[in-house]
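Presented below is the structure to which this report refers.
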There are 2 protein chains.
Amino acid sequence: MANLHDVAKAAGVSKATVSRYLNGSLQLPARTAKAIDDAIKRLEYVPNPHARRLSLGRSDTIALVVPDISTPFFATLVAAVETEADSRGLSLALHATLNRPEREATYLDLIRQGHVDGLIFVTNHVANPALAEKLNSAGPCVVVDEDVVGAHVPKLFCDNEQGGYLAGRHLAESGHRHVLFVGGVDQMVSGARRYQGFERGMREVAADDVLIERSRGDYSFEAGREAGRAFISRGRGRPTAIFATSDELVIGLYEALGDSELSIPRDVSIVGFDDVGPLHLFAPPVTAVRQPVRDLGKYALALLLDAEPMTPAPPSNETLLPVTLIERQSVAPPP
Amino acid sequence: MANLHDVAKAAGVSKATVSRYLNGSLQLPARTAKAIDDAIKRLEYVPNPHARRLSLGRSDTIALVVPDISTPFFATLVAAVETEADSRGLSLALHATLNRPEREATYLDLIRQGHVDGLIFVTNHVANPALAEKLNSAGPCVVVDEDVVGAHVPKLFCDNEQGGYLAGRHLAESGHRHVLFVGGVDQMVSGARRYQGFERGMREVAADDVLIERSRGDYSFEAGREAGRAFISRGRGRPTAIFATSDELVIGLYEALGDSELSIPRDVSIVGFDDVGPLHLFAPPVTAVRQPVRDLGKYALALLLDAEPMTPAPPSNETLLPVTLIERQSVAPPP
DNA sequence: AGAATCTAGTAAACCGATTTACTTAACCTG
DNA sequence: CAGGTTAAGTAAATCGGTTTACTAGATTCT
């Protein structure tokens, strides 16, 4: 491959001239410019990215750290970030943590070690103080989707409280008073907020008449299946509706309930959260709170790049994206 | 950040000594080694990746080029490649083409331009001779999932012919004789092979008694919806079963058929392909040929790295991964 | 004792761009 | 025509590793 020196020689000028001409820091008369352009074309010159990065001290690459890539939610998020990165001429280095905390910490080092200029961090489990500390000193990064308590970096979430509220109001308005909230172990901020909103929504309609039970767990298929099995085994006196706070939980619940005598929504109503997968094709189609996942990815990068000057971030600087309730057929009045 | 020079000074040796010690090309007595180790620890030294790459002439990064990231199929593929790359200490640069041919060509330049050491190429549309030519001179790369005719690089596909065969045999054995094959425009190798296998499977059971129609199109939702609408509007005399050759097509078909009077599998049987999404939760659960997508990703990287010596590849060097038929409830005898 | 070998390193040339500070020649101005 | 300005560049340092070829001193061999 031709390098800058080759081009300079072919054009009869010096390296510096070519470099500065290409970067626009030097105005050249038409003849010289043409000589350089011709040499570049003839030699098929392309700047060596590693030399460039070493010299400039930046990589024009950003890292995206996600728990998993293969779930529809994160896949969509990744796609959105990639699109946005590409449109800004940045490369995207993708890293999956599979929720191993030591991996999360390792990947945060990518910034300081110079691999990437910035990092978008997405986690899926309860925050850990050491991680927050590490985030604070990691360099330019933003936290997306799930909060990391104690991290003073720009944050971008969907409006979980509002999502919970919409679900709660909808179930209460459909007549439900005794409901089960599934997912989002207490320490997870997203879960806590969804719960708060959910309770607020229900009470706004039915005041003190509501009884909300909680099935703690993460957002996984398995947690959904387990909640479903536990629900089935309770017999009479069980709640009349379930708010499942992720697509995976909905799927797990559908699987478990599908194996039982219980019918949705005749015996139990269900409201989901995320609405990224093809929930409209399930039997019955799932009523769910839809997260604006593409926007989450798109604005995450904007937030990262605009925040890069590292203004000492105020203790809390969250951006919330609005959510919507998509009504389908998994909700009916209680039996 | 501390650099090699700082470490050398702190340890009282030269840069070369530290570098060679770290790379194992120099044996040192315990005292010197300890001095270096201590200095590294104290200064928190981490090699600068750009300097390293410039010097070594490689990036320890590979690129993955896919049509789209957000579909379950590609998301799973990406996840598998990432896992494998990570376990080998490689970074993954992710690029989505969204099926814009000029993008595909651009991304192939990443190798020659030195951005990455190798590239896994996945396309989703009919091959184009210019692209094949470009692949041949692009450097270390492999083609996965969909063939690019004319490219003489290592290739990895699932066994599309066998997948078609399993579907065809299954439908014929269920009594179907008049069927519709949806997807895989003719020039696409995956589609052609699925069709060949499909025909072979049906004829093996029903010989000359079979009538196979084709609905051409790509593997998209929209093509599925269209095929579904066309199917519905035909009234009597329409095929009794449909082989939809991607998850997206299945979803499109389900959507269209769901809006009609037709019931699956009472009025029409459906066999899908891919089986990556939650097809078991659809109404009714979808019988489908399952692709081993994770293996596709995993072996893709292996193929790339093992093939890197660039042995002048024989005109055809394909690896095929076995597929399986997952029987659920979208197939029944014809009405 | 002199030669050969081994140990423990090192100086300096890369890799290929970027950038600062400087030069040279031409041109203008009063 | 001295002095200043502008145009059109350039030499050389820098980014931070890697690697080759080499050396000074110690040990072993004959």
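Hydrogens, waters and symmetry mates are skipped; everything else that's a heavy atom, side chains included, is used. Labels below follow one simple rule: chain letters A, B, ... track the order of the sequence lines, proteins then strands, and each chain is numbered from 1.
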Under 3.5 Å, sequence neighbours excluded: what are the donor-acceptor pairs made by side chains of residues 42-50 of chain A?
from: A:Asn48; atom 1: OD1; to: A:His50; atom 2: N; distance (Å): 2.7
from: A:Asn48; atom 1: OD1; to: A:Ala51; atom 2: N; distance (Å): 3.0
from: A:His50; atom 1: NE2; to: B:Gly114; atom 2: O; distance (Å): 2.9

Could you name each residue pair satisfying ring pair (Phe, Tyr, Trp, His ring centres under 6.0 Å) that touches residues 89-140 of chain A, not counting sequence neighbours?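 Listed once each, the pairs are A:His95-A:Tyr107.
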
Using a cut-off of 4.0 Å on non-hydrogen atoms, how would the nucleic acid contact of B:Leu26 be classed: base, sugar-phosphate, or nothing?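 Base contact.
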
Set of salt bridge (charged side-chain N to carboxylate O under 4.0 Å, His left out) partners for [X], sequence neighbours left out:
{"X": "B:Arg112", "value": "B:Asp109"}
{"X": "A:Arg294", "value": "none"}
{"X": "B:Asp37", "value": "none"}
{"X": "A:Glu84", "value": "A:Arg88"}

Do the charged groups of B:Asp147 and B:Lys155 touch, with an N to O distance under 4.0 Å?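 Judged by the 4.0 Å cut-off on N to carboxylate O distance, B:Asp147 and B:Lys155 do form a salt bridge.
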
What string of B, S and - do you get for nucleotides 11-21 of chain C 5' to 3' if you count protein non-hydrogen atoms under 4.0 Å? B---BBBBBBB

Can you pull out every salt bridge (Lys or Arg N to Asp or Glu O under 4.0 Å) where at least one residue sits in residues 15-35 of chain A? Sequence neighbours excluded, please.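 Non-adjacent pairs meeting salt bridge (Lys or Arg N to Asp or Glu O under 4.0 Å): A:Lys34-A:Asp38.
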
Quantified as the angle between the terminal helix axes (five pairs each), what is the overall bend of the helix from C:dA1-D:dT30 to C:dG30-D:dC1 to 10 degrees?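 The value is 50°.
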
Rounded distance in Å - [atom1] ([X]) to [atom2] ([N]):
{"X": "B:Lys9", "N": "C:dG9", "atom1": "NZ", "atom2": "C1'", "answer": "19 Å"}
{"X": "A:Arg53", "N": "D:dG17", "atom1": "CZ", "atom2": "P", "answer": "16 Å"}
{"X": "B:Arg31", "N": "C:dG9", "atom1": "CZ", "atom2": "P", "answer": "10 Å"}

